[in-house]
Amino acid sequence: MKKNILRRCTDKIYGGLNMSWPVTVMYAVAAALLTSIFLILPVFKDTSFARMGVTFEAWIFFAVIIMANCRTPLESALKTFVFFLISQPLIYLIQVPFTVLGWQIFMYYRYWFIWTLLTLPMAYIGWYITKKNWLSLLILAPVLCYLTWLYVDGFRTAYSHFPRMLVMALFCLLQVLIYLYVFTEKTVQKLIGLVAPLAVMFALTLITPEADINTTQFLPGDPVLSEEASVTVDDPEITVQVEKTGEDSMVGIQARKYGSTAFTITDGGNEYHYSLEIFEDNEGHTQINIAPVE
């Protein structure tokens, strides 16, 4: 009985909706309004909901619904394109009165306009997921990999900084399960669609650095360094070098992992000793702490 209810719900959402042109336009406006609320209200700042205005997971969800309720690939391409053509600039327009950038906020629209143009070929090809065959799985593969990457990263973040990004992780995982349930028919297809992206994620984890840090920092104590200053670091995997000399001297820091070390700046007859800590705070942001060592 539960299976029948699930099947009826998914059949309705992915193939049983009246995705007419007026509905598509209203759908775009509603998506823009919801996204704007998440971006404007401070309570949603740095949450899974605010990501709706930055990343793709919610827009994949919206687009798949459109594609699955169109009768031809051309209709899928055109309606998905119009959906993005209306929703994306409207998001920025609604934010204008609420941001210090004012109309300048539209400088960020260029990125989304490029993706809007790309929806034409992508939604044309994407329509074929409704055939529920091996081609469907092949077309879904990039989406499944992307969503898998997001939910794995989201669960990691939630584990370290609970409950940060938990909603996003669950949302992306649910999308993967729903798409495999709806758009594939054979069990082996569902297993491949679920396991293969996880295998790719595991392989990437082995070769991807823990962090990618490239920044500059002022030195505590305001030492005035000369052009002859040199740096030695205890940990060879972390690079520290003098970036700016004279007053307000600065060092550049490059690292591909979190951790603590110490470094020494030698400048003529003077030596300056510092401890260096690179860590991720409770909000998931990288922090760098430099302190003098006596």
Side-chain angles (χ1 to χ4, degrees), residues 38-51 53-55 92 95-111 153-154 156-166 168 204-294:
F38 291 152
L39 292 173
I40 293 171
L41 295 183
V43 68
F44 295 114
K45 184 179 180 181
D46 294 328
T47 68
S48 298
F49 300 95
R51 287 173 58 92
V54 182
T55 52
Y92 293 103
Q95 291 182 82
V96 168
F98 302 96
T99 174
V100 294
L101 293 175
W103 291 100
Q104 290 184 348
I105 195 173
F106 273 91
M107 64 183 175
Y108 297 113
Y109 176 56
R110 181 178 179 274
Y111 171 79
D153 186 63
R156 285 175 176 169
T157 302
Y159 177 78
S160 302
H161 312 289
F162 187 83
R164 180 176 168 80
M165 293 300 124
L166 180 60
M168 181 275 287
L204 290 176
T205 300
L206 296 178
I207 62 175
T208 302
E210 180 184 19
D212 187 9
I213 298 160
N214 188 355
T215 186
T216 55
Q217 298 282 320
F218 288 105
L219 289 167
D222 299 322
V224 179
L225 302 179
S226 72
E227 296 289 343
E228 304 300 321
S230 61
V231 184
T232 57
V233 187
D234 290 355
D235 189 337
E237 295 186 54
I238 297 177
T239 301
V240 181
Q241 57 190 15
V242 176
E243 290 288 340
K244 181 179 180 297
T245 57
E247 293 185 4
D248 299 324
S249 294
M250 301 178 70
V251 292
I253 300 169
Q254 295 178 332
R256 297 172 71 82
K257 67 174 186 177
Y258 298 113
S260 300
T261 188
F263 66 91
T264 300
I265 298 177
T266 302
D267 188 14
N270 299 317
E271 285 192 351
Y272 306 92
H273 302 277
Y274 299 95
S275 64
L276 170 63
E277 184 181 10
I278 305 173
F279 61 98
E280 192 176 51
D281 65 18
N282 291 332
E283 298 297 323
H285 302 138
T286 297
Q287 301 290 341
I288 296 176
N289 182 33
I290 300 175
V293 176
E294 299 296 336

Between K257 and E237, is there a salt bridge with N-O shorter than 4.0 Å? yes
Rounded to the nearest 0.5 Å, the CG atom of D222 sits from the CD atom of E247 at a distance of 9.0 Å
Rounded distance [0.5 Å steps], OG1 in T215 versus CD1 in I278: 10.0 Å
Does any non-hydrogen side-chain atom of M107 lie less than 4.5 Å from one of L101? yes
May I ask you to decide if the ring planes of W103 and F106 are parallel, tilted or perpendicular, using 30° and 60° as cut-offs? parallel
Could you tell me the separation between the OH atom of Y92 and the CD atom of Q104, rounded to the nearest 0.5 Å? 14.5 Å
Value rounded to 0.5 Å, distance of CD1 in I213 from OG1 in T239: 11.5 Å
Between V231 and V242, is there a side-chain heavy-atom distance shorter than 4.5 Å? yes
Greater than 12 external heavy atoms within 6.0 Å of K45's NZ: no
Find out whether I265 and F263 are in side-chain contact, i.e. whether some heavy atom of one side chain is under 4.5 Å from a heavy atom of the other. yes
Separation of T264 OG1 from H273 NE2 (nearest 0.5 Å): 5.0 Å
Atom CZ of residue position F279 - does it have more than 12 heavy atoms of other residues, nucleotides or ligands inside 6.0 Å? yes
Flag for D267-S226: side-chain donor and acceptor within less than 3.5 Å: yes
Under 3.5 Å donor-acceptor, R164 side chain and D46 backbone: yes
Testing P220, P292, P223 for side chain to side chain contact (heavy atoms under 4.5 Å, CB included) with Y272, which one passes? P223
Could you check whether atom CZ of F44 has more than 12 heavy atoms from other residues, nucleotides or ligands sitting under 6.0 Å from it? yes
Polar side chain donor-acceptor pair, E227 to T245, under 3.5 angstrom: yes
Which of V240, V251, V233, N289 passes side chain to side chain contact (heavy atoms under 4.5 Å, CB included) with L276? Answer is V240
State the OG1-CD1 distance between T286 and I288, to the nearest 0.5 angstrom. 7.5 Å
Run L219 and M250 through side-chain contact (heavy atoms from CB on, under 4.5 Å) and show every step you take. CA-CA 6 Å; L219 289 167; M250 301 178 70; over 6 Å; no
Any side-chain heavy-atom pair from S260 and E277 closer than 4.5 angstrom? yes
